[in-house]
Number of protein chains: 2
Amino acid sequence: MRVLFADVSLSRLPEATVARLPVYLRVLTDATEATISSDNLAAGAGVNAAQVRKDLSHLGSYGTRGVGYDVSYLVRQISRQLGLSSDRRVAIVGVGNLGHALVRYGGFNARGFRVVAAFDVDPRTVGQQVGGLVVEPFERLAEVVEEKGVELALLTTPASAAQAAADALVEAGVGSILNFAPARVAAPPRVAVRQVDLGVELQILSYYGTQASTDPVDLDAAPG
Amino acid sequence: MRVLFADVSLSRLPEATVARLPVYLRVLTDATEATISSDNLAAGAGVNAAQVRKDLSHLGSYGTRGVGYDVSYLVRQISRQLGLSSDRRVAIVGVGNLGHALVRYGGFNARGFRVVAAFDVDPRTVGQQVGGLVVEPFERLAEVVEEKGVELALLTTPASAAQAAADALVEAGVGSILNFAPARVAAPPRVAVRQVDLGVELQILSYYGTQASTDPVDLDAAPG
DNA sequence: AATTGTGAAGGAGTTCACAGCC
DNA sequence: GGCTGTGAACTCCTTCACAATT
């Protein structure tokens with residue numbers, strides 16, 4: 001590793017590595033010792049130890065040979081890479097069943113994401129208080145995004161409304177969209193879009209559930 | 001392709017292919033024509049046309065050269081492969097914010113999954129009616145799973161309770177677990193376990209959100 | 001002695017490009 | 001002519017194995 005620090009922080013990480021870093025972060029957060037070996041980190045994350053070392057080597061040489069990795073230092077480095085150094089503001093668009101639950105879901109706050117706004121088109125939902133937030137009308141999206149510094153959005157509208165909502169978010173300057181609607185949404189390249197389709201997840205699971213008896217493959221693996 | 005039908009249905013599909021089949025299924029369900037080309041299917045799914053053809057070739061030769069694929073026939077073949085030929089019974093373990101929302105979430109029913117039971121340990125939650133179901137006490141899990149023929153479970157407990165709940169599910173004979181708790185759960189090889197960690201998804205998104213301005217990579221892609 | 005960091009080998013998944021078929 | 005099915009090339013990811021380092 002002859003790369004300068006500046007290069008390391010600019011270089012893009014392999015996609016597969018990025019997908020595992022949050023898992024390492026979770027293991028590190030639960031760690032009790034001040035130091036952890038690639039072996040132990042790998043066991044907690046459910047991957048190969050060489051994988052861990054290669055992944056971490058992409059961030060720079062942060063381990064100590066013969067000793068391991070300093071937990072809190074590693075947490076800082078990974079957080080920095082992932083853009084989690086400061087709290088990030090999240091908005092939720094579409095306050096149906098799923099949106100409603102996500103507004104109140106504590107898991108995000110615990111990881112440095114702050115849900116600061118919720119939007120809906122339904123006049124019966126708008127104005128209601130959900131998890132300490134007042135649901136805003138969809139028309140105020142741009143205004144509120146600006147006002148509250150929203151950086152990420154969770155898209156929990158029906159599939160039919162997803163693209164229009166995504167367009168409005170892009171227009172308003174939101175740079176990252178996590179789309180829960182069972183539909184592909186298009187966005188310009190500067191906006192990161194990621195799809196989480198619960199139906200798809202269940203269908204994949206269904207396949208492995210029916211296959212599991214014929215072949216001993218365990219699946220609780222890094223996100224595919 | 002010289003493989004017999006029997007072999008095709010027994011052979012394991014590449015993991016990456018399995019992850020895309022549900023996406024194809026979604027596109028096919030929305031299709032208006034009776035026939036679809038790999039080009040169009042690929043466009044709808046957001047992948048390469050050669051990818052589609054290779055994926056589908058793993059199921060057998062179901063296309064017609066010069067014409068394309070018969071939509072309804074393809075839907076049947078994919079559904080069969082994924083083990084979706086009949087409605088599959090789903091239970092939800094842990095009726096907190098997320099579990100509550102998933103019980104009422106319509107997206108599952110629309111895709112052939114029937115939510116037939118919900119469980120919780122909290123006596124204040126047990127007995128309540130949620131989305132047409134009465135929340136059962138956790139102790140009745142084995143009994144109700146048996147009684148209602150539950151095949152899949154959504155695990156929406158806190159992380160600290162996830163492993164114990166998974167153990168109970170395995171013990172009760174549930175073959176597939178979709179784990180929403182931010183913790184890895186262990187299970188015997190005959191049980192398929194799949195992890196959906198919303199915090200992890202947001203953290204991955206956060207990385208690409210911060211990188212997006214420096215490099216035009218769109219992400220709304222098939223799971224890597 | 002223990003553990004990292006990494007070149008090299010191996011494996012999986014993707015894309016190309018075109019023969020084969022309708 | 002149009003589109004599928006697939007060998008071959010290519011790219012990406014994983015694992016091995018061991019030198020380097022503390």
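In what follows, every chain begins at residue 1, and chains take the letters A, B, ... in the order their sequences are listed.
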Can you tell me if the side-chain N/O atoms of [X] get under 4.0 Å from OP1 or OP2 in [N]?
X: B:R65; N: D:dT6; value: no
X: A:Y69; N: C:dA2; value: no
X: A:T64; N: D:dT22; value: no
X: B:S37; N: D:dC3; value: no

request  = Provide, to the nearest angstrom, the distance between the CD atom belonging to B:Q77 and the P atom belonging to D:dG5.
outcome  = 12 Å

task = Rounded off to whole Å, could you give me the CG-to-C1' distance for the B:L13 and C:dT14 pair?
result = 17 Å

Listed nucleotide nearest any side-chain atom of [X], set [options]:
X: A:S57; options: C:dT14, C:dG5, D:dT15; answer: C:dG5
X: A:Q51; options: D:dG5, C:dT14, D:dT15; answer: D:dT15
X: A:A50; options: D:dA17, D:dT14, C:dT14; answer: D:dA17
X: B:N48; options: C:dC16, D:dT4, D:dA19; answer: C:dC16

Working to the nearest 0.5 Å, report the span between [atom1] of [X] and [atom2] of [Y].
X: A:K54; Y: A:N48; atom1: NZ; atom2: CG; value: 11.0 Å
X: A:L155; Y: A:L102; atom1: CG; atom2: CG; value: 11.5 Å
X: A:R114; Y: A:E151; atom1: CZ; atom2: CD; value: 10.5 Å

query = Which is it for A:L74 and A:Y24 under the side-chain contact (heavy atoms from CB on, under 4.5 Å) test, yes or no, and what are the steps along the way?
reply = CA-CA 10 Å; A:L74 197 50; A:Y24 300 155; over 6 Å; no

remark   = Comparing nearest nucleotides in DNA chain D, the 5'-proximal residue of the pair B:R53, A:G66 is B:R53

query = Could one point to a donor on the side chain of B:K54 or the base of C:dT15 with an acceptor on the other under 3.5 Å away?
reply = yes

